[in-house]
Amino acid sequence: MPLDVSSDLPDAVLLARYAAGDRAAARVLTLRFTPRVLGYATRLLGDRAEAEDVAQEAMLRLWRIAPDWRAEEAQVSTWLYRVVTNLVTDRQRARARRPLDLPETAPEVADDAPGAAAAMMQRDRMAALDTALTALPERQRQAVVLRHLEGLANPEIAGIMGIGVEAVESLTARGKRALAAVLSGQRAALGYEDEETGT
Amino acid sequence: MSVRLRDDVGLTAEALDSLFDEARAAAPPEASGLMARVLADAYAAQDALPQHTAQRRPAARRGWLAGLFSPANNRAAAGLVAATLAGVWIGFVQPAPVADVSQALEPAAVDVVELIPDLEIWLAEG
């Protein structure tokens, strides 16, 4: 049966077909996982080029483990999140983190169309969020991103990070508080200023 | 968008959740160049996979004895067993032809050659 991009075959089945030499399975898995892996790596690293390197390396490890994959032991997505987390941790420990510059104010909007302004504002909010995430301690950042941006459940996050569920809850709560504090100084970048604060 | 801000600890939980919702709903990053590289890696790794992996692995786990007595080696194994049994039988029974050969090779008398002088000479010299 030929595969297409919208194939709804389970990940493990696709991986087995890949190991058996199916080129189409390789394409479907690439399209299914690469953007997700890249998004996660980007949020952890705050650097697109480095995130692409990590994403490519994680996917390469998936291809190499495909012949020995045991579907009953892990989900492909969970396994990939774990690999990316470890690769990012290795990189962050190997280099001093480069802080990103927070935008002091929202940039000028050249196009005064409402749609363009809204898109610009959203881009700035996402940039502010990503920058604030890089200010968090490593483990808090991982937990917050996995829980609130990747939308995973705490038990799955616990498996990815190699810790207990209670530790995940603690990291997530502390991470959110720290993130809120960091973002409080970014009202302009967030585009929320002066809407209603009572201040 | 209406978002409440708080000066003491920063954004409220609701504002932060709203920001998370917006981030999750955002389009994934454009990654066509990366996906092309990932797919190239996939094909290369696929080509490097050993052929017929599934068929070869069980054979490797059966051990050397299983390999020796595989159907392909049955004739060789049968010859080896027959030769072993014949050797044991000849050694114990010594049939007449073999006994004759043994007697022909056995010398009638054994000459004793003294290669080392008597130890007493050495002892006497101190």
Side-chain angles (χ1 to χ4, degrees), chain A residues 18-23 25-27 29-31 33-39 42-43 48 51-52 55-57 59-60 62-64 66-67 121-123 125-126 128-130 144 147-151 176-187 190-199, chain B residues 1-67 70-72:
Chain A
Y18 167 81
D22 188 338
R23 296 290 212 209
R27 287 194 294 274
L29 286 167
T30 298
L31 292 167
F33 287 111
T34 303
R36 200 188 309 181
V37 166
L38 175 62
T42 303
R43 287 221 154 91
R48 172 63 184 253
E52 288 203 8
Q56 189 173 359
E57 173 64 23
M59 293 300 290
L60 182 59
L62 178 67
W63 307 135
R64 288 177 176 163
M121 196 65 77
Q122 185 194 31
R123 192 195 64 191
R125 279 197 296 271
M126 294 302 99
L129 174 61
D130 288 342
V144 167
R147 179 72 185 92
H148 295 289
L149 298 175
E150 299 298 321
K176 281 184 72 174
R177 280 198 298 273
L179 199 59
V182 172
L183 285 169
S184 68
Q186 300 302 314
R187 295 175 187 176
L190 291 170
Y192 297 154
E193 193 155 44
D194 296 333
E195 291 207 6
E196 75 321 297
T197 64
T199 61
Chain B
M1 178 180 291
S2 177
V3 179
R4 288 176 294 130
L5 299 175
R6 229 163 58 196
D7 280 339
D8 50 354
V9 295
L11 296 180
T12 63
E14 293 81 5
L16 200 52
D17 286 341
S18 172
L19 201 56
F20 289 147
D21 290 341
E22 191 176 351
R24 278 197 303 272
E30 196 282 325
S32 57
L34 172 63
M35 283 200 280
R37 294 197 298 276
V38 167
L39 196 55
D41 286 346
Y43 289 161
Q46 205 171 33
D47 292 339
L49 289 175
Q51 297 296 316
H52 310 298
T53 304
Q55 286 82 359
R56 283 199 320 199
R57 284 195 174 161
R61 291 194 199 100
R62 289 186 304 173
W64 66 274
L65 270 177
S70 68

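Lettering follows sequence order; numbering is per chain, from 1.
- For the residue pair Tyr43(B) and Arg27(A), a side-chain donor N or O sits within less than 3.5 Å of a side-chain acceptor on the partner.
- Interface remark: Asp21(B) contributes no atoms to any contact with chain A (heavy atom separation under 4.5 Å).
- Chosen from Glu150(A), Lys176(A), Arg43(A), the residue pairing most often with chain B at heavy-atom distances under 4.5 Å is Lys176(A).
- When all heavy atoms are compared, the tightest approach of Thr30(A) to Met35(B) is CG2-O, 3.7 Å.
- For Leu149(A), the parts lying under 4.5 angstrom from a heavy atom of chain B are both the backbone and the side chain.
- In terms of non-hydrogen atom pairs under 4.5 Å with chain B, the most contact-rich of Gln122(A), Met126(A), Gln56(A) is Gln56(A).
- Within a 6.0 Å radius of CZ in Arg23(A), more than 12 heavy atoms belonging to other residues, nucleotides or ligands are found.
- Between Trp63(A) and Tyr18(A), the ring planes are tilted. Angles from 30° to 60° get that label.
- Contacts with chain B were tallied for Gly39(A), Ala51(A), Gly21(A), Ala19(A); Gly21(A) has the most, counting heavy-atom pairs under 4.5 Å.
- Looking at Leu31(A) and Leu39(B), their side chains never come closer than 4.5 Å, going by heavy atoms from C-beta outward.
- Among Glu52(A), Arg36(A), Met59(A), the residue making the largest number of heavy-atom pairs under 4.5 Å with chain B is Glu52(A).
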